Amino acid sequence: MRRKAGGRRTRTRTERKQGRYITSRVPRGQLTDVAFDATLRAAAPFQRQRRQPHIKRAVVLQRSDLREKVRVRRTRNAVCFVVDASWSMAAETRMQATKAAVLSLLRDAYQRRDLVGLVSFARDRATVLLPLTNSVEMAQQRLRTMPTGGKTPLSRGMMAGFELLARAKLRDREILPLMVLLTDGHANVSMTGQPPQQEAYQLAEFIASQQIPTVVIDTELPNFYRGLAKELADRLNGSYYQLEELSVGLAELVRSHQELSQIKI
């Protein structure tokens, strides 16, 4: 599976024969991108003992000498906002912050070929309001009306967001996913019949095991703090912030995490 489109934001290793050659390695499978300089360096110490009178070659190579190129190139990010749209005193604040962040990211994504999606969950269902896209026009249409109210099917929301990002990874294994979850962490609707809160924590641990980076924005009012969103962030192995404490806007926060998600070479 090779990338079909490049990006302009984050550096990542690539299996394609495009991108900047930065180092070499021993081949892990079929060799298709030979690093000739590294191959010659690996073979150089053994030339005297390999030379024989009947071999008329300047350099004698063996399979163990072969090295392949490791390249880096810019890749796209896939950011999925998963928003708790159930009834709460902070619902309006949450919706306005999310809408502004998604639109801001989309304007940036249009230039950088990133993808941004939006999932809301309320009552007994999760709804994909915005499939992963970089279309500002589509986002504006979908964000005009985001219904709120009802119970909190937290597990369904996280599962819908995970599925969006997992499909994006299947299409392009070099894409860098990020889930941004805005919730107070309270769950009261179950998918499987388990206690809702326990089910949400188990699903969070599964998402963490699938290497999906997450950011949890706690929308619970400080006067009613229960720590549920913090526990959820811990289960996700993600970053945790309280909405009221953010010193930067939500869009800037997401961009900073995209920069930190660069793969270290």
Side-chain angles (χ1 to χ4, degrees), residues 78-95 97-98 101-102 117-132 146-170 176-246 250 253-254 257 260-261:
V79 184
C80 182
F81 289 89
V82 179
V83 184
D84 182 352
S86 62
W87 181 88
S88 79
M89 294 178 66
E92 185 60 27
T93 301
R94 181 164 58 236
M95 293 305 132
T98 303
V102 172
L118 177 62
V119 172
S120 71
F121 58 95
R123 300 179 178 88
D124 61 350
R125 67 180 65 90
T127 304
V128 179
L129 295 175
L130 183 68
L132 289 170
M146 183 188 292
T148 62
K151 295 183 178 181
T152 311
L154 178 56
S155 297
R156 292 185 187 278
M158 289 194 298
M159 179 59 76
F162 167 74
E163 288 174 346
L164 272 183
L165 294 173
R167 285 196 294 270
K169 286 285 289 181
L170 283 175
L176 298 179
L178 177 66
M179 182 186 297
V180 182
L181 179 59
L182 289 94
T183 180
D184 59 7
H186 177 63
N188 55 24
V189 177
S190 173
M191 295 189 299
T192 62
Q194 297 184 70
Q197 202 69 41
Q198 177 183 339
E199 179 187 77
Y201 289 154
Q202 289 180 356
L203 179 58
E205 291 171 354
F206 167 75
I207 292 173
S209 72
Q210 300 303 302
Q211 306 299 312
I212 301 292
T214 58
V215 177
V216 176
I217 311 296
D218 189 350
T219 60
E220 189 170 46
L221 295 175
N223 293 340
F224 300 96
Y225 183 75
R226 293 168 292 178
L228 299 177
K230 178 64 169 67
E231 176 68 19
L232 188 66
D234 292 342
R235 302 286 184 120
L236 286 162
N237 289 334
S239 301
Y240 169 83
Y241 299 90
Q242 289 184 321
L243 187 62
E244 291 76 14
E245 294 177 348
L246 291 180
L250 187 53
L253 171 66
V254 171
H257 274 271
L260 289 174
S261 68

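What you see is a predicted model, and the numbers here were worked out from it, not measured in a lab.
Closest non-hydrogen pair, Val79 versus Val180, comes out as CG1-CG2, 4.0 Å. In this structure, Gly161 and Cys80 approach most closely via the heavy-atom pair CA-SG, 3.8 Å. Considering all non-hydrogen atoms of both residues, Ser86 and Thr152 come closest at OG-OG1, 2.9 Å. Considering all non-hydrogen atoms of both residues, Ala229 and Asp218 come closest at CB-CG, 3.4 Å. Here the closest heavy-atom approach between residue Gln242 and residue Tyr225 is recorded as NE2-CE1, 3.4 Å. The heavy-atom pair separating Val128 from Leu164 by the smallest distance is CG1-CD1, 4.0 Å.
Using a distance-only test at 3.5 Å, with no hydrogens or angles considered, a donor-acceptor pair links the side chain of Arg156 to the main chain of Asp124. In terms of modelled atom types and a separation under 3.5 Å, the side chain of Thr183 and the main chain of Gly185 share a donor-acceptor contact.
Under the rule for a ring pair (Phe, Tyr, Trp, His ring centres under 6.0 Å), Tyr240 has no partner lying at least two apart in sequence or in another chain. For Arg167, the salt bridge (Lys or Arg N to Asp or Glu O under 4.0 Å) criterion is met by no residue, not counting sequence neighbours. Under the side-chain hydrogen bond (donor to acceptor under 3.5 Å, both in side chains) criterion, Arg226 pairs with Glu220, not counting sequence neighbours. For Ser155, the side-chain hydrogen bond (donor to acceptor under 3.5 Å, both in side chains) partners two or more places apart in sequence, or in a different chain, are Glu199. With sequence neighbours excluded, no residue satisfies side-chain hydrogen bond (donor to acceptor under 3.5 Å, both in side chains) with Asn188. Applying the salt bridge (Lys or Arg N to Asp or Glu O under 4.0 Å) rule to Asp234 yields the partners Lys230; only residues at least two apart in sequence or on another chain are considered.
Note that CG of Leu165 and CG of Leu170 are 11.5 Å apart. Values are rounded to the nearest 0.5 Å. Atoms CZ and CG, from Phe121 and Leu154 in turn, are 5.0 Å apart once rounded to the nearest 0.5 Å. The OG atom of Ser239 sits 12.5 Å away from atom CG of Leu181, with the distance rounded to the nearest 0.5 Å.
Here ring-ring contact (aromatic ring centres under 6.0 Å, His included) pairs that include residues 180-205, with residues two or more places apart or in two chains, number zero.
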Show me the donor-acceptor pairs, under 3.5 Å and distance only, between side chains in residues 205-212 and residues at least two apart or in other chains.
| unit_1 | atom_1 | unit_2 | atom_2 | d |
| --- | --- | --- | --- | --- |
| Glu205 | OE2 | Arg235 | NH1 | 2.8 |
| Ser209 | OG | Phe206 | O | 2.5 |

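Counting heavy atoms from C-beta on, the side chains of Pro177 and Pro213 come closer than 4.5 Å. Using a 4.5 Å heavy-atom threshold, the side chains of Phe81 and Leu130 count as separate.
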